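Since we're looking at a predicted model, the values are computed, not measured. Every heavy atom of this structure was used, including side-chain atoms; hydrogens, water molecules and symmetry mates were not.
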Amino acid sequence: MPTVRSATALIAGVLAVAAGAASAAAPVSPDVTRHQAQIDKIVSEISPQRIEGYVRKLVSFQTRHTMSETESDTVGIGAARRWIKAELERCGAQSGNRLQVAFDSHIAPVSARISRPTEIVNIVATLPGSQPQAKERIYVVSGHYDSRNTDVMDAKGASPGANDDASGTAAVMEMACVMSRYPFDATLVFMAVAAEEQGLIGATHWAEQAVQKKLDIAGMFTNDIIGSSRADDGRIDDKQVRLFAESIPATKEMSEAVRALIATGGENDSISRQLARHVKEVGERYVPDFKVSIVHRRDRYLRGGDHMPFLARGFAALRFSEPNEDFAHQHQNVRKEGAMQYGDLPEFNDYNYIARVARVNAAALASLSLAPAAPKQVQVRTDKLDNNSTLLWLPNTEPDLAGYRIVWRETTASQWQGAMYVGNVTEATVRLSKDNYFFGVQSVDKDGNVSVATYPAPLR
């Protein structure tokens, strides 16, 4: 856990009393900070060389504009999506055909950035969970494989899209190929989505289908523009990645859940912010000397990406992006003006950097899909004035559950500062005031895998 104002000082004098506990002795927690061998293996197997190969192959299709050529085997978005699907199928075959690869297709009507009805095709690779009680829980990771020029309607000009977003697509492909060799309790979905540049069309279609099918999407990451560690002024920053995490959604109508967040000062405890905290903690544990910098915004200033359709439908969703974008190499026609080279070309990518971002993604996805589900219906009692805080929640029925831990932080802190394991109970009291601290409850399995924290709603 990150330590702010000394976790020891915070924990001193804190007593957690589990309701119904047979003994006053504190229950023994599984080791939640140790490295999981499977996650270490996955992280070590992510290859910058393979990622570079994927990027250069995607660039070789000349353009991947949503309305570009679909019949050719060498040029255009049709060739690109068939190659991505074939490559994921090849990886799936090498891992015992556990990776289920399919096209997700629909026809997009004419709109502001679609001049004619156009088939939009996502490539979706699903790795089913192996635990019956957890396999319906799904974690999604995406990159968009379409590209664009300065003119977003230019479907014929060379549009390499090496960083935006062959980098994210290649990272997702690499994760799928590596992770498909390992078992996970929950289900993982790896997606290369189309028509991001034309208005997030591919991601919107899949997210809406998830709602219609009542899929349990427990978390979603998109990787978009993760290719370069060099800023437009030449500065190199290969030690961090930005992780954009929304707080309160900008909707006309407020849901009861959002209303409860605002009423209790929990604007920084949205489901996406809770997911981001988990990603930061796990990512920085498994990828040393690399910082996950949480940005308290839905995306870059008034801009967007493929996580936004998931946010709009109530799912926790995050965006990974490089620390400093170079706009000469983004949404630009390939050309040279004097000594300045414009265009999104593969030589401007840092493949070791992309691999680090992919490792953070993979570690977080593996941790989430090995851990139990986050506790449901977490509440804090408010029926009497008390300087203690009593929390309660519904029991988790997954067979490898060990128990639960309560986490807390001061109201001005971003990351959790303290934690206490309370055992396999559904109610516990902590001698800290809900006036002064924010709380969450996490599920813990017998191997020490920890879920995302759930913020408590008031129980009146």
Side-chain angles (χ1 to χ4, degrees), residues 49-87 108 111-116 118-123 142-173 192-203 223-232 303 305-306 321-322 325-351 353-354:
Q49 291 77 25
R50 283 195 299 267
I51 288 172
E52 180 173 2
Y54 293 146
V55 169
R56 291 189 179 276
K57 181 64 177 180
L58 287 164
V59 168
S60 76
F61 295 111
Q62 300 178 38
T63 178
R64 305 184 306 280
H65 190 280
T66 297
M67 293 183 290
S68 64
E69 170 67 48
T70 60
E71 299 299 324
S72 170
D73 289 330
T74 57
V75 175
I77 196 166
R81 68 193 179 214
R82 289 189 293 274
W83 172 75
I84 294 170
K85 182 172 183 282
E87 187 65 20
S111 61
R113 293 188 174 187
I114 298 288
S115 60
R116 53 177 168 76
T118 302
E119 185 181 23
I120 308 299
V121 183
N122 301 321
I123 306 99
S142 79
H144 73 85
Y145 71 99
D146 59 306
S147 64
R148 62 163 287 185
N149 275 328
T150 305
D151 178 2
V152 73
M153 303 301 283
D154 177 7
K156 294 185 177 180
S159 178
N163 190 2
D164 185 16
D165 184 36
S167 66
T169 301
V172 170
M173 293 175 68
V193 299
E196 189 271 351
E197 304 289 6
Q198 310 310 118
L200 316 179
I201 297 172
N223 288 269
D224 195 353
I225 312 178
I226 60 166
S228 176
S229 58
R230 182 185 294 271
D232 51 2
R303 297 164 71 192
D306 285 318
S321 204
E322 65 197 29
E325 296 172 74
D326 186 343
F327 299 106
H329 303 148
Q330 185 182 133
H331 297 183
Q332 291 280 355
N333 286 23
V334 178
R335 67 193 189 279
K336 201 163 188 179
E337 295 182 3
M340 184 65 185
Q341 177 68 60
Y342 289 86
D344 192 353
L345 298 167
E347 54 262 39
F348 298 124
N349 279 348
D350 178 341
Y351 296 99
Y353 177 79
I354 301 172

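- For the atom pair CZ (Phe327) and CG (Asp344), the distance works out to 12.0 Å, reported to the nearest 0.5 Å.
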Subject >> Check against side-chain contact (heavy atoms from CB on, under 4.5 Å), Gln198 and Val152 >> reply: CA-CA 7 Å; Gln198 310 310 118; Val152 73; 3.7 Å; yes
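- Taking a 6.0 Å sphere around CD of Glu337, one finds it holds more than 12 heavy atoms contributed by other residues, nucleotides or ligands.
- Across all their heavy atoms, Val55 and Ala170 have their closest contact at CG2-CB, 3.6 Å.
- Heavy atoms only, all atoms of each residue included: Asn122 and Ala194 are closest at OD1-N, 3.0 Å.
- Annotation: the span from Ser72 atom OG to Gln62 atom CD amounts to 8.0 Å, rounded to 0.5 Å.
- A donor-acceptor pair under 3.5 Å links the side-chain atoms of Ser167 to the main chain of Ile226, judged by distance alone.
- Between atom CD1 of residue Ile354 and atom OH of residue Tyr54 there is a gap of 13.0 Å, rounded to the nearest 0.5 Å.
- Checked against side-chain hydrogen bond (donor to acceptor under 3.5 Å, both in side chains), Thr169 has no partners two or more places apart in sequence or in another chain.
- The closest donor-acceptor contact from the side chain of Asp165 to the backbone of Ile225 lies under 3.5 Å.
- A distance of 8.5 Å separates OG in Ser159 from NE2 in His331, rounded to the nearest 0.5 Å.
- Residues passing the side-chain hydrogen bond (donor to acceptor under 3.5 Å, both in side chains) test with Thr150, sequence neighbours excluded: Asn333.
- Each of His329, Gln330, Arg335 was scored for a side chain to side chain donor-acceptor pair (under 3.5 Å) with Gln332, with one residue passing: Arg335.
- What you find for Thr118 and Arg116 is that their closest heavy atoms are OG1-O, 2.7 Å.
- In plain terms, the two heavy atoms of Ser68 and Ile77 that are nearest each other are OG-N, 3.0 Å.
- Closest heavy-atom contact between Lys156 and Thr63: O-CG2, 4.5 Å.
- A distance-only check finds a donor-acceptor pair linking the side chain of Asn163 to the backbone of Gly227 [under 3.5 Å].
- A donor-acceptor pair under 3.5 Å is absent between the side-chain atoms of Ser147 and the main chain of Pro160, judged by distance alone.
- Checking side-chain atoms of Glu322 against main-chain N and O of Ser228 turns up a donor-acceptor pair under 3.5 Å.
- Taking the side-chain hydrogen bond (donor to acceptor under 3.5 Å, both in side chains) definition, one finds that Glu347 meets it with nothing, sequence neighbours left out.
- Among all heavy-atom pairs drawn from Ala108 and Ile120, the shortest one is CB-CG1, 3.6 Å.
- One N or O on the side chain of Arg82 and one on the backbone of Thr70 form a donor-acceptor pair closer than 3.5 Å.
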Subject >> Intermediate values then yes/no, side-chain contact (heavy atoms from CB on, under 4.5 Å), His65 and Glu197 >> reply: CA-CA 8 Å; His65 190 280; Glu197 304 289 6; over 6 Å; no
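- A distance of 9.0 Å separates CE in Met153 from CZ in Arg113, rounded to the nearest 0.5 Å.
- Checking side-chain atoms of Glu69 against main-chain N and O of Glu71 turns up a donor-acceptor pair under 3.5 Å.
- The structure places NZ of Lys57 at 10.5 Å from CE of Met173, a figure rounded to the nearest 0.5 Å.
- Evaluated for a side chain to side chain donor-acceptor pair (under 3.5 Å) with His144, the options Asp306, Asp164, Asn223 yield exactly one hit, Asp164.
- Of the possible polar contacts, none joining the Arg230 side chain to the Asp326 backbone as a donor-acceptor pair under 3.5 Å is found.
- By the 4.5 Å heavy-atom criterion applied to side chains, Val59 and Leu345 are not counted as neighbours.
- Put simply, the side chain of Arg64 gets close to the backbone of Tyr145: a donor and an acceptor are under 3.5 Å apart.
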